[in-house]
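Here's the structure we're looking at; comments come further down.
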Amino acid sequence: MTSTDFPNFKTHFIELLQQASNAITSLEATVVDIELTRTKQASHGDYSCNLAMQLAKPLHKSPREIAQLLINALPPSPYLEKVEVAGAGFINLFIKNSAKQQFLHYILHSKNTFGNSTLGQGKRIQVEFVSANPTGPLHVGHGRGAAIGASLSNILTAAGFDVSREFYVNDAGRQMDILTLSTWLRYLELNHIHIPFPQNAYQGEYVKIMAQQIFQAHAQRYVHQPELLLDSLPEAVLATEMNPDEQLDKLIANTKEILGQDYAYIHNFVLTEQLGDCRNDLMEFGVEFDTWFSEQSLFDNGLVAHAIELLAKKQHLYQQDGATWFRSTNFGDEKDRVVQRENGQFTYFASDIAYHLNKFGRGFDQVINIWGADHHGYIPRVKGALQALDLDAEKLQIALVQFAVLYRNGKKAPMSTRSGEFVTLRELRQEVGKDAARFFYVMRKSDQHLDFDMDLAKSQSNENPVYYVQYAHARVCSVLVQWNDNVDNLQDVNTDALSSPAELALLQKLIDFPDTLEMAAKEFSPHLIAFYLRELASEFHSYYNSTRFLVPEIPLQHARLALIASIRQTLSNGLLLLDVSAPDKM
RNA sequence: GUGCCCGUAGCUCAAUCGGAUAGAGCACCAGCCUUCUAAGCUGGGGGUUACAGGUUCGAUUCCUGUCGGGCACGCCA
């Protein structure tokens with residue numbers, strides 16, 4: 001056994017069981033997948049299989065009897081110590097200690113590629129995430145999508161996928177117009193022209209700052225004729241029966257009229273400003289994208305019109321009340337959806353259809369959208385549109401991320417975008433640090449609500465799981481520094497001395513890492529990595545307190561150092577997947 | 001009202017798509033630094049998995065109903 005061709009025990013044993021299964025039964029279709037799970041108790045061995053129970057019914061024999069037949073038919077393996085029947089008919093497999101011990105050589109040779117697999121077989125997979133409206137700073141709600149998307153992308157890359165990270169920029173919609181209007185109104189204020197600022201416009205300080213920038217660079221250049229702004233609106237804009245949204249739309253229309261060509265300048269200025277800010281913010285959060293895809297480009301290139309034409313050609317559209325509807329009920333949606341409004345404008349849904357059509361045209365084998373859980377009702381219509389276009393909707397998978405609720409001083413922190421009352425992602429990073437923020441965001445299953453306790457994230461104590469994992473890494477580093485030799489010299493040392501229950505459990509834990517990573521990739525579940533790291537750190541801390549490493553007996557010393565060096569490597573690899581730093585000292 | 005998600009220790013959450021005695025952390029109690037980092041470790045109490053049925057060798061997991069919570073139900077994005 002050389003370090004480079006070390007098998008994945010789990011898949012190896014599954015193959016053996018498959019062969020045994022084939023030997024005792026000809027019923028091929030009875031069991032599709034053989035499942036092997038880690039045991040909870042050491043007395044049950046290392047892996048357990050329930051195949052015999054599943055075969056009991058089709059074979060009309062008792063599970064224990066079948067289990068024994070399977071064991072008898074099991075091909076020999078150099079890694080197996082013993083196999084036994086237990087309980088109702090479980091087949092428990094025990095790995096040889098020597099195989100576990102030699103696994104360390106594999107880890108120490110693999111270094112930062114330990115854990116990687118070829119699961120993805122180089123398939124191209126796109127992960128689209130964050131995709132926040134560029135109308136203001138990212139807040140803590142966006143942070144979770146960012147952390148999960150980035151970590152998942154890392155995990156998929158490690159699992160052998162060719163990952164492309166994409167941010168869909170909603171630069172074409174009404175929200176951008178509202179931001180443009182908001183900025184212009186603030187700009188007018190700087191020119192001593194005061195027009196009541198609508199409640200539902202963007203209130204945040206950053207709007208005033210952008211207005212300031214325009215004012216400093218161009219003085220009165222963009223004032224034009226603001227007295228026309230309130231045309232056709234009731235004199236007191238704020239005190240009126242008119243629907244606030246209609247009001248806003250009217251103001252936007254008037255602004256476009258008044259500014260003419262210059263509207264585009266302000267629109268473009270605020271977009272560039274916000275997008276740049278967003279990009280920086282995310283970069284400092286350890287999140288980067290391969291592609292920033294513009295919604296506006298879909299209109300500019302005629303792709304939206306094209307997508308709608310395609311749907312029309314395939315008879316999936318109809319006219320009603322002056323609007324154009326997509327018959328999404330044919331594809332399981334609860335009602336049909338408008339794609340083109342009475343006023344001729346395409347809806348957001350229309351550009352989204354074009355966007356997904358474009359995505360599919362780019363040749364990805366799989367497309368993942370990470371969406372906020374509030375978008376769950378949106379899924380059927382998008383998948384429906386793909387089906388209507390004769391595309392394989394199965395290729396698109398939506399991962400819903402539940403909201404994160406922020407707790408500060410034991411109280412819920414308010415979060416409202418439009419009013420400007422929210423904790424920004426930047427503030428969160430400054431307060432708790434990037435590492436803690438990234439780790440906390442992925443600590444929970446993504447489809448579960450997350451209570452983000454800022455006080456806990458900030459605490460530099462045993463309460464904080466981030467420090468707990470990082471501390472384990474730093475402790476190993478400290479020992480290895482005092483050992484004062486090249487860690488590479490441990491790569492092939494004899495590891496037979498690692499035979500205590502704690503050591504064997506740690507070895508098995510390390511063996512689990514590649515499986516955990518594969519599982520995280522298959523299930524789109526970065527939280528599995530966070531949990532794994534905590535468990536590994538926990539076992540290490542316990543081991544650290546009970547065992548001395550720098551003992552005088554050199555073979556024992558080297559074996560133990562090889563173990564903790566492997567633990568360090570695994571912690572480091574795992575933390576890297578989450579973009580959390582692995583410090584040498586703390 | 002309709003649809004989707006959820007309900008597990010006092011709190012925050014796990015449980016490897018139905019497996020063996022449901023596990024961690026926090027909080028609480030009692031211990032461990034002359035020795036490689038005490039941001040650590042060891043031990044202890046804590047549960048009818050919201051409730052009631054059903055499916056089967058076996059259910060926190062699947063089905064039905066009830067109660068409770070979240071989200072979504074625009075010619076917004």
Within the structure shown, what part of the strands sits under 4.0 Å from [X] by heavy-atom distance: base, sugar-phosphate, or nothing?
X: Asp584(A); answer: base
X: His44(A); answer: base
X: Asp374(A); answer: sugar-phosphate
X: Gln470(A); answer: nothing
X: Ser542(A); answer: sugar-phosphate
X: Lys335(A); answer: sugar-phosphate
X: Asn92(A); answer: base
X: Ala373(A); answer: sugar-phosphate
X: Gln340(A); answer: nothing
X: Tyr378(A); answer: base
X: Ala56(A); answer: nothing
X: Ser48(A); answer: base
X: Asp512(A); answer: nothing
X: Met586(A); answer: base

Check: Hey, are the side chains of Gln175(A) and Asn170(A) touching, using non-hydrogen atoms and a 4.5 Å cut-off?
Finding: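 Not in contact.
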Rounded to the nearest Å, what distance is computed from the [atom1] atom of residue [X] to the [atom2] atom of nucleotide [N]?
X: Asn133(A); N: C76(B); atom1: CG; atom2: C1'; result: 10 Å
X: His527(A); N: U12(B); atom1: NE2; atom2: P; result: 18 Å
X: Arg38(A); N: U16(B); atom1: CZ; atom2: P; result: 14 Å
X: Leu248(A); N: A77(B); atom1: CG; atom2: P; result: 13 Å
X: Arg444(A); N: A15(B); atom1: CZ; atom2: P; result: 11 Å
X: Leu179(A); N: C76(B); atom1: CG; atom2: P; result: 20 Å
X: Asp333(A); N: C4(B); atom1: CG; atom2: C1'; result: 13 Å
X: Gln402(A); N: G69(B); atom1: CD; atom2: P; result: 17 Å

What integer number of Å spans the [atom1] atoms of [N] and [M]?
N: U21(B); M: C63(B); atom1: P; answer: 24 Å
N: A50(B); M: A15(B); atom1: P; answer: 15 Å
N: C62(B); M: G18(B); atom1: P; answer: 7 Å
N: U37(B); M: U49(B); atom1: P; answer: 46 Å
N: G69(B); M: C32(B); atom1: C1'; answer: 44 Å
N: G46(B); M: A38(B); atom1: C1'; answer: 26 Å
N: U61(B); M: U8(B); atom1: C1'; answer: 12 Å
N: U42(B); M: A24(B); atom1: P; answer: 11 Å

Among Leu528(A), Asp512(A), Ile155(A), which residue satisfies the side chain to side chain contact (heavy atoms under 4.5 Å, CB included) criterion with Met519(A)?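 In the set Leu528(A), Asp512(A), Ile155(A), the residue that makes a side chain to side chain contact (heavy atoms under 4.5 Å, CB included) with Met519(A) is Leu528(A).
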Using every non-hydrogen atom in the two residues, find where Ala52(A) and Pro63(A) come nearest and quote the distance to one decimal.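 The answer is CB-O, 3.3 Å.
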Minimum heavy-atom distance between Leu317(A) and Phe326(A), given as atom pair plus value:
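That closest heavy-atom pairing would be CD2-CA, 3.6 Å.
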- Query: Distance from Asp171(A) atom CG to Gln274(A) atom CD, nearest 0.5 Å?
  - Reply: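 Between atom CG of Asp171(A) and atom CD of Gln274(A) there are 13.0 Å.
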Short side-chain N/O contact to [N] OP1/OP2 from [X], under 4.0 Å:
X: Gln557(A); N: C36(B); value: no
X: Lys445(A); N: A15(B); value: yes
X: Tyr544(A); N: U35(B); value: no
X: Arg341(A); N: C76(B); value: yes
X: Lys40(A); N: U21(B); value: no

Considering only side-chain heavy atoms of [X], which listed nucleotide, [options], is closest?
X: Gln41(A); options: C75(B), G40(B), U21(B); answer: U21(B)
X: Tyr471(A); options: A39(B), C75(B), A20(B); answer: A39(B)
X: Phe90(A); options: C36(B), A72(B), A20(B); answer: A20(B)
X: Gln482(A); options: G40(B), U16(B), U37(B); answer: U37(B)
X: Met519(A); options: U16(B), U37(B), G19(B); answer: U16(B)
X: Thr37(A); options: C17(B), C36(B), G40(B); answer: C17(B)
X: Tyr348(A); options: C36(B), C41(B), A77(B); answer: A77(B)
X: Val338(A); options: C75(B), A20(B), A39(B); answer: C75(B)
X: Lys10(A); options: C75(B), U37(B), U16(B); answer: U16(B)

Check for me: is Phe531(A) stacked on A14(B) by the 5.5 Å centroid and 30° plane-angle rule?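 Here Phe531(A) fails the 5.5 Å or the 30° condition.
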Quick check, does Trp483(A) stack with C36(B)? I mean ring centres under 5.5 Å and planes off by under 30°.
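No, aromatic ring not over the base.
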Paired nucleotide for [N] [Watson-Crick or G-U wobble; both distances under 3.5 Å]:
N: A72(B); answer: U2(B)
N: U49(B); answer: none
N: G19(B); answer: C57(B)
N: A24(B); answer: U12(B)

Lys/Arg N to Asp/Glu carboxylate O, Glu166(A) vs Lys359(A), below 4.0 Å: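 Not counted as a salt bridge, because no side-chain N and carboxylate O are separated by less than 4.0 Å.
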**Request:** Report yes or no: is the cationic atom of Arg341(A) (NZ for Lys, CZ for Arg) under 6.0 Å from the centre of the six-membered ring of Phe346(A), at an angle within 45° of the ring normal?
**Result:**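 Ring-cation test returns no.
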Next on the checklist: Take a 6.0 Å sphere around NZ of Lys61(A) and say whether it holds more than 12 heavy atoms from other residues, nucleotides or ligands.
Outcome noted: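 Open: at most 12 neighbouring heavy atoms sit under 6.0 Å from NZ of Lys61(A).
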> Within a reach of under 6.0 Å around CD of Glu394(A), are more than 12 heavy atoms found that belong to other residues, nucleotides or ligands?
Replying inline: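 No, CD of Glu394(A) has 12 or fewer neighbouring heavy atoms, counting only those of other groups under 6.0 Å.
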Of Glu334(A) and Asn170(A), whose nearest nucleotide on RNA chain B comes first from the 5' end?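 By nearest-heavy-atom nucleotide position, the 5'-most residue is Glu334(A).
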Quick check, are the ring centers of Phe9(A) and Tyr47(A) under 6.0 angstrom apart?
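No: the rings miss the under 6.0 Å criterion.
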